[in-house]
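Right, one structure below, let's go through it.
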Protein chains: 2
Amino acid sequence: MGTTGRPRSQAAHAAILKAALRLVAKRGFRAVSVNEIAAEAGVGKMTLYRHWPNKATVVMDALLELIGAETAFPEADSALESLRRQLYLQAAFFRSSRGNLIRSLVSEAQSDPELATAFRDRWLNPRREGVRQNIQAAISEGSLRADFNIDTAIDQLYGSLYYRLLLGSGAIDEQFIEDTYQQFLTGHKARQSVRR
Amino acid sequence: MGTTGRPRSQAAHAAILKAALRLVAKRGFRAVSVNEIAAEAGVGKMTLYRHWPNKATVVMDALLELIGAETAFPEADSALESLRRQLYLQAAFFRSSRGNLIRSLVSEAQSDPELATAFRDRWLNPRREGVRQNIQAAISEGSLRADFNIDTAIDQLYGSLYYRLLLGSGAIDEQFIEDTYQQFLTGHKARQSVRR
DNA sequence: TAGAAACGATACCCTCGGTATCGTTATGGG
DNA sequence: CCCATAACGATACCGAGGGTATCGTTTCTA
């Protein structure tokens, strides 16, 4: 078997991810070199390349392993309220320095098809699936209609957030989130809201 | 005066922009080198750097000078119809190879604050201003309400287009555009549509 | 305890954006 | 008409950075 030899250092693995997260969140992907990440982690450059095939994959893993759960759906009394709160979480995430991770990866993905696929498969689609299930729960609860295209609705909900993050056309503040949520509600709520 | 000496070659200027547009539309910003652009234009590299300070600015100018008018607002019977048709134009533009220019510039702007400012000032904001005037015309015509935040509405209209262009989460096809337009209308149309 | 593989360090390669400098060429003010 | 001036194409060069190769050393397991 391939089980012989010195094992990979989990400490080095974790230190590299942590260093990559810190540096890229603070200064952005392009401004940080692989040498810096390795030095910050107290590790040789070659150790980094033994664990990951390239710089972008390190940052992708840092995003998923260290802060992937930061935008999970919060518990709430209704599916709609959970959706609304998740929008606020996503906005806070985008406003924070960690938003730089998303900006960096989307930027690199424009010229790196493998990274683009990985970003969709590992970050975007799982989150979209969460939103889809939430919306379907809201439909089951009778608070949303059932006759709209869910994918398009998700794009309209989250597209404007990514737009402001990447284009910097305006603040991702509470007013903006509330307006976006209300606009979604206006177009998709059930005509007769179920009451109890 | 500084009017002495050999004048700048307008032919070289135009050839460089055309070469940059062709190559970047086909293969993307990062995959095309400055040497290639100059060679394709039949020009020395230094001539390029005499006309522009860096690679990104060349592509920015190519976008504005060669295809800036491609997404102007079409004439129509009503402001709303003009807006709807402009969405279709923008979608066709994003679907075409020229969409690579936008993807490239947004990508580079993530690590180049000057480019980010130029992209907003020269591309985004003028187009947003056109949308704003169109929306205000629609309000004046009585087909839209007057009590919503126009900037947020613009982000919701166009944000999902940029989202699909940059994230590749779905096709920017007619169905998507129509759904997006209808969702905007549902949330912002006047309660009593004016008829004649 | 011996072989295999990961470790940190470091030298190296290659591409590419941008600069410097060459001799040459086109202009326009005097 | 002619000469100072600046742009021209070509080419050598610089520096940064991603990724590789190789060193002697260390740590594991069979």
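Sequence lines set the chain letters: A, B, ... in the order given, protein chains first and strands last, and positions in each chain run from 1. The basis for the numbers below is simple: all heavy atoms, side chains too, and nothing from hydrogens, waters or symmetry mates.
- Here A:Asp121 pairs with nothing under the salt bridge (charged side-chain N to carboxylate O under 4.0 Å, His left out) rule; sequence neighbours left out.
- Across residues 42-49 of chain A, A:Gly42, A:Val43, A:Gly44, A:Met46, A:Thr47 each have a non-hydrogen atom less than 4.0 Å from an atom of DNA chain C (numbered order).
- Among the heavy atoms of the strands lying under 4.0 Å from A:Val32 are primed sugar atoms or P, OP1, OP2 only; no base atom is included.
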Report summary line: Going 5' to 3' through nucleotides 23-30 of chain D and flagging B where a protein heavy-atom sits under 4.0 Å of the base, S where only the sugar-phosphate is that close, and - otherwise, we get ---BBBSS

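- Atom CD1 in B:Ile37 sits roughly 12 Å away from atom C1' in C:dC16 (whole-Å rounding).
- Contacts of B:Asn35 with the nucleic acid, taken as non-hydrogen atoms under 4.0 Å apart, are absent.
- Within residues 11-30 of chain A, no residue has a heavy atom under 4.0 Å from DNA chain C.
- Under the side chain to side chain donor-acceptor pair (under 3.5 Å) criterion, A:Arg145 pairs with A:Asp147, not counting sequence neighbours.
- We find that CZ of A:Arg8 is positioned 12 Å from P of C:dG8, with the value rounded to whole Å.
- By the ring pair (Phe, Tyr, Trp, His ring centres under 6.0 Å) test, B:Phe94 pairs with B:Tyr162, sequence neighbours left out.
- In this structure, the CD atom of B:Glu108 is 14 Å from the P atom of C:dC16, given to the nearest Å.
- Between the side chains of B:Gln156 and A:Thr180, at least one donor N or O sits under 3.5 Å from an acceptor N or O.
- Residue pairs satisfying the ring-ring contact (aromatic ring centres under 6.0 Å, His included) criterion with at least one member in residues 3-38 of chain B, sequence neighbours excluded, are listed as follows: B:His13-B:His51, B:His13-B:Trp52.
- A:Arg84 is linked by a salt bridge (charged side-chain N to carboxylate O under 4.0 Å, His left out) to A:Glu81, A:Glu178, counting only residues two or more places apart in sequence or in another chain.
- Residues forming a salt bridge (charged side-chain N to carboxylate O under 4.0 Å, His left out) with B:Arg132 (at least two apart in sequence, or on another chain): B:Glu129, B:Asp151.
- Side-chain atoms of B:Asn100 and B:Arg103 form a donor-acceptor pair, as typed in the model, at a separation below 3.5 Å.
- Taking the charged nitrogens against the carboxylate oxygens, B:Lys18 and B:Glu40 have no contact shorter than 4.0 Å, which rules out a salt bridge.
- C:dA26 atom P lies 16 Å from atom CD of B:Gln10, rounded to whole Å.
- The phosphate of D:dC8 has OP1 or OP2 within less than 4.0 Å of a side-chain N or O from B:His51.
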Query raised in the report: Can you list the steps and then say if B:Ser104 with A:Gln110 is a side chain to side chain donor-acceptor pair (under 3.5 Å)?
Result: CA-CA 7 Å; B:Ser104 296; A:Gln110 301 307 313; over 6 Å; no

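- A:Tyr49 is linked by a side chain to side chain donor-acceptor pair (under 3.5 Å) to nothing, counting only residues two or more places apart in sequence or in another chain.
- End-to-end axis angle of the helix from C:dT1-D:dA30 to C:dG30-D:dC1, using five pairs per end and rounding to 10°, comes to 10°.
- Remark: B:Arg85 is not positioned above the aromatic ring of B:Phe73, lacking an NZ or CZ atom under 6.0 angstrom from the ring centre and at most 45 degrees off the axis.
- We find that CD of A:Glu114 is positioned 12 Å from P of D:dG19, with the value rounded to whole Å.
- A salt bridge is absent between B:Lys55 and B:Asp112: the closest approach of a Lys/Arg side-chain nitrogen to an acidic carboxylate oxygen does not fall below 4.0 angstrom.
- We find that CH2 of A:Trp52 is positioned 16 Å from P of D:dG18, with the value rounded to whole Å.
- In this structure A:Phe184 satisfies the ring pair (Phe, Tyr, Trp, His ring centres under 6.0 Å) test together with A:His188, sequence neighbours excluded.
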